[in-house]
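In what follows, every heavy atom counts, from backbone to side chain, and hydrogens, waters and symmetry copies are set aside.
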Amino acid sequence: MNLISCCRWEEANHEDGVKWKFLEHKGPYFAVPYEPLPEDVHFCYDGEPMKLSLAAEEVATFYGKMLDHEYTTKEAFQKNFFGDWRAEMTKEERKIIKHLDKCDFTEIHKYFFDRNEERKALPKAEKQKLKEEASKLQEEYGYCILDGHREKIGNFKTEPPGLFRGRGDHPKMGMLKMRIRPEDVIINCSKDSTIPEPPPGHKWKEVRFDNTVTWLASWTENIQSAIKYIMLNPSSKLKGEKDWQKYETARRLKDVVGHIRSQYRKDWKSREMKKRQIAVALYFIDKLALRAGNEKEEGETADTVGCCSLRVEHIQLFPELDGQKHVVEFDFLGKDSIRYYNKVPVEKEVFKNLKRFMENKDPDDDLFDRLPTSTLNKHLQDLMDGLTAKVFRTYNASITLQNQLKELTNAEDNVAAKILSYNRANRAVALLCNHQRALPKTYEKSMQNLQAKIDAKEEQLKEAKKELKKAKAEHKKYNTEKTKKELEKKKKQKERLEEQLEKLKLMATDKEENKQIALGTSKLNYLDPRISVAWCKKFGVPIEKIYNKTQRDKFAWAIAMTNEDFEF
DNA sequence: AGCGAAACTTAGAATGGCGCGT
DNA sequence: ACGCGCCATTCTAAGTTTCGCT
């Protein structure tokens, strides 16, 4: 292990709750002020050009920029936008602009589209200059000093104003996200540090010196009244140690999970209904890697659920389905409105319990009544110190990777084949955690291209087979050295083509299976990096093949401490 | 104990940029 | 050189858990 890393990860910890002793930074970098449209770019109302006040114009540009986005076709988006936009208008503007469908943003849209194209077409030198400016900004605002280490900040810019883009069917989509001013921002740093200066003519909302939290600055956003934070980059010691701790907790679960499983199996037969509910919920969380499922405020967010907030309408019971007994069909929207759809055979007791939980309930009633996540987590806390619902996701994801790697890796394979095995193992985890992505826009086309290649190859193979047959016949007929050679050659050719075809087909399968699966989320958040580091060492795969630069920075702690015998 | 607020992790989409085949 | 497809990075929304108050 190298000395620097060793010291860095093994420095003495602070006393309870204290996250740092010294913290110094420059405060957030604010979004650039609005730049008015040129005179020749018009907003039109009812077919007539109309000059807008600065504030109204800025909001109009937010919508204009998004004109080709699906969002702007949604009624809720339009309605929310229009309401918030009108609030920014002058009285006179409000009197005129009464209907969104009479608003013409096309010139605005074109203006920003063209500007974007111009920027993309900039000569190399100009682009280089822009890049250097960005890196200067990063140097100045992107780092802080925390306990003597210069650490990278995760997000050092305030979020620019714009239109809120919620996920799924979000009731607030299209609302105006206000510009953040220094007067909105709370600064957190050390008393004895150089306290960041607000931009000239401005004041901070507050400067505080709270070393029990890790954030450097915060503000409250206007859509959900939620607090936004400026925090450190995952490569920082503070985040790294927390990450390490997370996986250590998951490893402790490994030791007691057997006991916990037999306990919840017993509890399926408890006389107490509440105990049964906890036991079934926990079974789902463990077996299916469901999230806890906190309650959400109705009408404030998209209607999504997790385990505890499942409703009767989200599951269907089949005593028998496709030759399997006691099948539960799940169909609900989870985090980010990603659909969870799964048909799972469950134990008879679980099935019976679910039936009871659903008795005399409406479709929109809670499946687990009176089971808030706090109750579940309290129960888990009693089973193991530090155990919460999400630890199961971490544990099951990591142990799945480890097991899959053991099963799929072939020591004799070359590096490329080993990486394929790794990705397969990774995919099993992504499937478990239901990590999905939208179909890539280019998917259809690239798949067609691939299919065309496959077709061409099949044609070639057919031809080669024909020739082989001919060569065989020739050889049989004449049986000379020459015909023998020819036969061998044709055989080889056929085999090579078959191999190539297999490879292409494999690629297609891989692409098909991966089209809606996102591997990154589990890799970054659920898989103990030490499993991957150990696997790389054991099988001689360079770590760079598994983790890119960012990921290596984030997992520096694991890369520094892990040898090939690590067991999760 | 129960709550709302605060803090922190996890998430997919959008954007940026780079390498590869033509 | 150029376009395009893919991977990395950025962005910020949406979760979970913890905190702190009554």
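Not counting sequence neighbours, A:Tyr111 has no partner by the ring-ring contact (aromatic ring centres under 6.0 Å, His included) test. Among residues two or more places apart in sequence or in another chain, the salt bridge (charged side-chain N to carboxylate O under 4.0 Å, His left out) test is passed with A:Arg251 by A:Glu248. A search for side chain to side chain contact (heavy atoms under 4.5 Å, CB included) contacts involving A:Pro160 returns A:Ala31, not counting sequence neighbours.
Taking 4.0 Å as the cut-off between side-chain N and carboxylate O, A:Lys136 and A:Glu133 do not count as a salt-bridged pair. Taking the charged nitrogens against the carboxylate oxygens, A:Glu132 and A:Lys129 have no contact shorter than 4.0 Å, which rules out a salt bridge. The pair A:Glu272-A:Lys274 does not count as a salt bridge, with every side-chain nitrogen at least 4.0 angstrom from each carboxylate oxygen.
Legend: salt bridge (Lys or Arg N to Asp or Glu O under 4.0 Å) pairs involving residues 222-234 of chain A, not counting sequence neighbours, sorted by first then second residue: A:Glu159-A:Lys228. Listed by first and then second residue, the salt bridge (Lys or Arg N to Asp or Glu O under 4.0 Å) pairs that reach into residues 379-395 of chain A come to none, sequence neighbours excluded. Among residue pairs with one or both ends in residues 214-227 of chain A, those qualifying as side-chain hydrogen bond (donor to acceptor under 3.5 Å, both in side chains) are A:His170-A:Gln224; sequence neighbours excluded. Screening residues 20-35 of chain A for salt bridge (Lys or Arg N to Asp or Glu O under 4.0 Å) gives A:Glu15-A:Lys21, A:Lys26-A:Glu140, A:Glu35-A:Arg115 as the qualifying pairs, with residues at least two apart or on separate chains.
With a 6.0 Å radius and a threshold of 12 heavy atoms from other residues, nucleotides or ligands, A:Glu75 has its CD atom at or below the threshold.
The side chain of A:Ala518 approaches B:dG12 more closely than any other nucleotide in the set B:dG12, C:dT12, B:dT9.
Sorted by residue number, the members of residues 167-178 of chain A with any non-hydrogen atom under 4.0 Å from DNA chain C read A:Arg167, A:His170, A:Lys177. DNA chain C lies under 4.0 Å from no heavy atom of any residue of residues 393-401 of chain A. Residues from residues 221-230 of chain A placing a heavy atom under 4.0 Å of any atom in DNA chain B, listed by number, are A:Ile227, A:Tyr229.
Of the N and O atoms on the side chains of A:Asn211 and A:Ser190, not one donor lies less than 3.5 Å from an acceptor on the other residue. In this model, no donor atom of one side chain and acceptor atom of the other lie less than 3.5 Å apart for A:Ser398 and A:Tyr247.
Distances shown here put every side-chain N or O of A:Ser218 at or beyond 4.0 Å from the OP1 or OP2 atom of B:dA6. Side-chain nitrogen and oxygen atoms of A:Lys19 include at least one within less than 4.0 Å of the OP1 or OP2 phosphate oxygen of B:dC8. Regarding contacts with the backbone of B:dG12, a side-chain N or O of A:Thr521 is found under 4.0 angstrom from either OP1 or OP2. At C:dT12, none of the side-chain N or O atoms of A:Asn155 fall inside 4.0 Å of OP1 or OP2 (strictly under the cut-off). An OP1 or OP2 oxygen of B:dT10 is reached within less than 4.0 angstrom by a side-chain nitrogen or oxygen of A:Lys246. Considering only side-chain N and O atoms, A:Lys242 lies under 4.0 angstrom from the phosphate OP1 or OP2 of B:dT9.
Within the nucleic acid shown, A:Pro234 has no heavy atom closer than 4.0 Å to any nucleic acid atom. A:Ile338 comes within 4.0 angstrom of sugar-phosphate atoms only, judged by non-hydrogen atoms across all strands, and of no base. A:Gln436 comes within 4.0 angstrom of sugar-phosphate atoms only, judged by non-hydrogen atoms across all strands, and of no base.
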> Can you give one letter per nucleotide of nucleotides 14-22 of chain B, going 5' to 3': B for a protein heavy atom under 4.0 Å from the base, S for sugar-phosphate only, - for none?
Replying inline: S-S-S----
> Which parts of nucleotides 15-20 of chain C does protein reach within less than 4.0 Å, heavy atoms only, written one letter per nucleotide 5' to 3' as B for base, S for sugar-phosphate only and - for none?
Replying inline: SBBS--
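Aromatic rings of A:Tyr63 and A:Trp85 (six-membered ring for Trp) have centroids beyond the 6.0 Å cut-off, not under it.
Mapping A:Lys378 and A:Asp243 onto DNA chain B via the closest heavy atom, the residue that lands nearer the 5' end is A:Lys378.
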